[in-house]
Amino acid sequence: MADKTETSLRDAALAYHREPKPGKLEIRATKPLANGRDLARAYSPGVAEASREIKADPTSALDYTARGNLVGVVSNGSAVLGLGNIGALAAKPVMEGKAVLFKKFAGIDCFDIELDEADPERLAELVCAMEPTFGAINLEDIKAPDCFIVEQICRERMNIPVFHDDQHGTAIVVGAAATNALRVAGKAFADIKVVSTGGGAAGIACLNMLLKLGMRRENVWLCDIAGLVHAGRETDMTPQKAAYAQGTDPATLDEVIDGADLFLGLSGPGVLTPEMVGRMAERPIIFALANPTPEILPDAARAVAPDAIIATGRSDFPNQVNNVLCFPFIFRGALDAGATEINDAMQIACIEGIADLARQTTSAEAARIYKGEQLTFGADYLIPKPFDPRLSAVVSSAVARAAQETGVATRPIADIEAYKQTLNESVFKSALLMRPVFEAAGQAARRIVFAEGEDERVLRAAQAILEETPEKPILIGRPEVIEARCERAGLVVRPGRDFEIVNPENDPRYRDYWGTYHEIMARRGVTPDLARAIMRTNNTAIGAVMVRRDEADSLICGTFGEFRWHLDYVTQVLGHGSYRPHGSLSMMILEDGPLFLADTHVWSLPTPDNLAEVAIGAARHARRFGVEPKIAFCSQSQFGNQAEGSGKRLRAAIALLDGMATDFQYEGEMNVDAALDPELRERLLPGGRLEGAANVLIFGHADAASGVRNILKAKGGGLEVGPILMGLGNRAHVVTPGITARGLLNMAALAGTPVQHYG
């Protein structure tokens, strides 16, 4: 069975690398190259201007080339993790993989450079010669002690950061894990006995880093395949190992393990036995980092030391020590600050950022990716998960700050907090567009009631609301269920203490709520008994009644169930006077900016009056996001070429708008491609009144609007903010079941904006 599984994995991995095109990387142009004018700028003669500027001022290369965001991943393939000395060519898939991780996690472009050179000094010369190409160099998979020589030469000669990730990346993540492990165990670096196995580049770097964090050299026992490193030993020694010599007598790991507080293994499988673990100190910390098989498996260690705190290098056990927690973000901060090197202070800042993040509440995004895992700080959660999107802002900004404080930043960042916000915006696609909404929401502490208060997404959103806004979440649900789910999800918020709870099964306001609902619905067939039943079972109706009674300012509902079912109850209770649903608007955040779609949910077959109201509301909402609305009415019909169908209703809506005092651009009816392509539209209707590409699309049928919305989400990489319910004065929003915790936070910010019937 194991052989079959391994064969399947092998076949899948090879197919992944081979199809649809070989490899994992490609080069894409960042400037248009569509005509002769573009060509003349990109190459001859226009390119000469950029070259002249750089010749006159070398620092301007950062303005006119990609160098400032370009890292070289360099290896000779002499020590590839798990594979050994496989050579430069065979190492190329690994280096491509490293480049992909840089791009994925930190938006950094990479060239992978595989050099067929075994001599460390010659290898260093080749790397140094590439300095004009790159903003930084990541050395990778070079055997010890050659890697020490290469890095030292490169750091001395080059004026850009040079970082051997196998050494320092591993050391940083181990440092973060050790910091938190000692916190959990109630121990201190200065007091612990450390026994380490390995003695290679990563092992030595980890010990060096632990010294910088406060570990005492005299408390370190380093062992390798020849036994304890001691003074006078000649077998398999390097100056780096000799620095950790302990005593003058030979010894084995078994002889020095007694009373060890921390075992640091970067060696091979089975090196640490359960019997040895039994002789370690109380609450032992075991970092068994050999891959793919650790020095001891966690279950074997816990069999003799149930309170052991364990980390490995594998993703199928808790506390994976993974360099991806470090290298993308330390390079991001170094590049952005124009650092000339990555020094000790920057590395320690990286450690502190990673360690601190693990002690915070887990992000909703990480919880969704690692669903089912307990992500609460403790023995089984010492360091964040690699896909925690907060790493970029927290770690990179800490590194940039340290670069500035130590004087190695050539482009100091004036406002670190603003820089941190920019990093968040690069990770959270909605952050930049939502900024003005959050700023507006921050002006007033509105009360937002969530109908589905037991949903984990709602609980995570509620915690984020409390952390990021002055709003006051109110959750409808059973207190004991909410309490248990907060605990299970590792959230620090608790019902009653941090937010108000409305318990449908037992709330002192029950009599008032069903009375209010009956008063509203008495002449629409709702009896007192039915009103009582609805106020016990229908959370959306309860939330709407709370808003109606001014016990909440806005309702958010719809995380499960059908949109119109929720909308009916919202309309029953809140749709009175001038308040009634005008339509729903979805903002799709795409690679080239936002695109608003309407009406996606309210009107199946909107009338001209409906469509005109939707356009007015959409224009108002687009401006809330800092977008000047350019509205296109979209149909199968193209500027009157079909007399009937949706085009007829859209033309009537445009006629209604023509008779109003509007302050936004609109045009139609037209196909979607004409809406988004100004050149095509100009050929079809020269002199039209819409300038540039439309950013708001209004459809004559909900099927069309909904279809475009879902295609953009599923295939276009679009991130939705919404749907935003227009017409109820910001007193209610009905979301959809696919919404995320961050989506709920965005909707809460929208609901938290104090407005007067803004549409």
Side-chain angles (χ1 to χ4, degrees), residues 446-459 461-462 472-485 495-496 499-577 579-581 584 601-602 722-739 743-744 747-748 751:
R446 282 169 58 87
R447 302 158 297 170
I448 313 298
V449 58
F450 289 87
E452 295 88 22
E454 296 176 4
D455 191 305
E456 184 178 318
R457 293 168 294 173
V458 172
L459 297 176
K472 300 174 182 178
I474 304 168
L475 275 56
I476 302 176
R478 295 163 293 178
E480 67 277 8
V481 174
I482 292 174
E483 178 91 31
R485 291 183 179 175
F499 46 77
E500 180 185 341
I501 293 290
V502 177
N503 183 2
E505 295 180 347
N506 182 22
D507 193 279
R509 295 164 291 189
Y510 169 67
R511 174 66 181 83
D512 296 332
Y513 286 1
W514 78 254
T516 298
Y517 186 71
H518 179 257
E519 181 182 342
I520 296 167
M521 301 297 294
R523 293 189 178 274
R524 284 185 270 180
V526 174
T527 65
D529 286 342
L530 182 55
R532 292 188 190 97
I534 289 173
M535 287 297 107
R536 284 285 190 218
T537 60
N538 189 319
N539 289 10
T540 295
I542 294 171
V545 166
M546 291 184 69
V547 175
R548 178 72 177 253
R549 291 171 54 85
D550 198 30
E551 295 176 11
D553 296 304
S554 190
L555 163 68
I556 295 177
C557 58
T559 60
F560 58 83
E562 202 274 326
F563 185 94
R564 290 178 186 276
W565 182 90
H566 291 279
L567 181 62
D568 285 345
Y569 283 100
V570 167
T571 304
Q572 286 174 6
V573 179
L574 299 177
H576 61 91
Y579 295 112
R580 58 183 176 80
S584 62
H601 289 86
V602 173
I724 302 164
L725 187 59
M726 302 184 291
L728 284 176
N730 205 22
R731 299 193 301 163
H733 293 286
V734 183
V735 299
T736 57
I739 197 164
L744 286 167
M747 291 306 299

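Numbers for residues simply follow the sequence, beginning at 1.
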Any ion pair linking Glu454 and Arg478 (charged N to carboxylate O, less than 4.0 Å)?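 Between Glu454 and Arg478 there is a salt bridge, with a charged N closer than 4.0 Å to a carboxylate O.
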So that I can tick it off, tell me whether Asp512 and Arg509 are bridged by a salt bridge, with the cut-off set at under 4.0 angstrom between side-chain N and carboxylate O.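 No, this pair does not count.
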What do the steps show when you test Tyr579 against Thr571 for side chain to side chain contact (heavy atoms under 4.5 Å, CB included), and what is the final call? CA-CA 9 Å; Tyr579 295 112; Thr571 304; over 6 Å; no
Between [X] and [Y] (side chain of the first, backbone of the second, donor and acceptor by atom type, cut-off under 3.5 Å), is there such a pair?
| X | Y | answer |
| --- | --- | --- |
| Ser584 | His601 | yes |
| Glu562 | Trp565 | yes |
| Arg536 | Pro504 | yes |
| His733 | Ile556 | no |

Does the pair Ile739 and Met747 meet the rule for a side chain to side chain contact (heavy atoms under 4.5 Å, CB included), with working shown? CA-CA 10 Å; Ile739 197 164; Met747 291 306 299; 4.0 Å; yes
Test salt bridge (Lys or Arg N to Asp or Glu O under 4.0 Å) on Asp550 and Arg731; report intermediate values, then the result. CA-CA 10 Å; Asp550 198 30; Arg731 299 193 301 163; over 6 Å; no
Gap between atom [atom2] of [Y] and atom [atom1] of [X] - 0.5 Å precision:
| X | Y | atom1 | atom2 | answer |
| --- | --- | --- | --- | --- |
| Glu452 | Leu459 | CD | CG | 11.5 Å |
| Asn538 | His566 | CG | NE2 | 8.5 Å |
| Met535 | Leu530 | CE | CG | 9.5 Å |

Whether the Tyr513 and Glu551 side chains hold a donor-acceptor pair (N or O, under 3.5 Å, no angle test) is what I'd like checked.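 Per modelled atom types, Tyr513 and Glu551 side chains form a pair under 3.5 Å.
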Are Lys472 and Phe499 close enough, and set up right, to give a side chain to side chain contact (heavy atoms under 4.5 Å, CB included), and what steps lead you there? CA-CA 7 Å; Lys472 300 174 182 178; Phe499 46 77; over 6 Å; no
With a 6.0 Å cut-off (strictly less than), is the heavy-atom count around CD of Glu519, excluding the residue itself, greater than 12?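 Counting other residues, nucleotides and ligands, CD of Glu519 stays at 12 neighbours or fewer.
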Is the number of heavy atoms from other residues, nucleotides or ligands under 6.0 Å of Arg524 CZ greater than 12?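 Above 12, so yes.
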Kindly give the heavy-atom pair with the smallest separation between [X] and [Y], and that separation in Å.
| X | Y | value |
| --- | --- | --- |
| Leu728 | Gly575 | CD2-CA, 4.1 Å |
| Ala451 | Asn539 | O-ND2, 2.9 Å |
| Leu574 | Ala732 | CD1-CB, 3.9 Å |
| Arg457 | Gly738 | NH1-C, 4.3 Å |
| Cys557 | Thr540 | CB-OG1, 3.7 Å |

Do [X] and [Y] come within less than 4.5 Å of each other through their side chains, counting heavy atoms only?
| X | Y | answer |
| --- | --- | --- |
| Trp514 | Ile534 | no |
| Asp507 | Ile501 | no |
| Asn503 | Pro479 | yes |

Go through Leu744 and Thr559 one step at a time and tell me if the side chain to side chain contact (heavy atoms under 4.5 Å, CB included) criterion holds. CA-CA 9 Å; Leu744 286 167; Thr559 60; 4.0 Å; yes
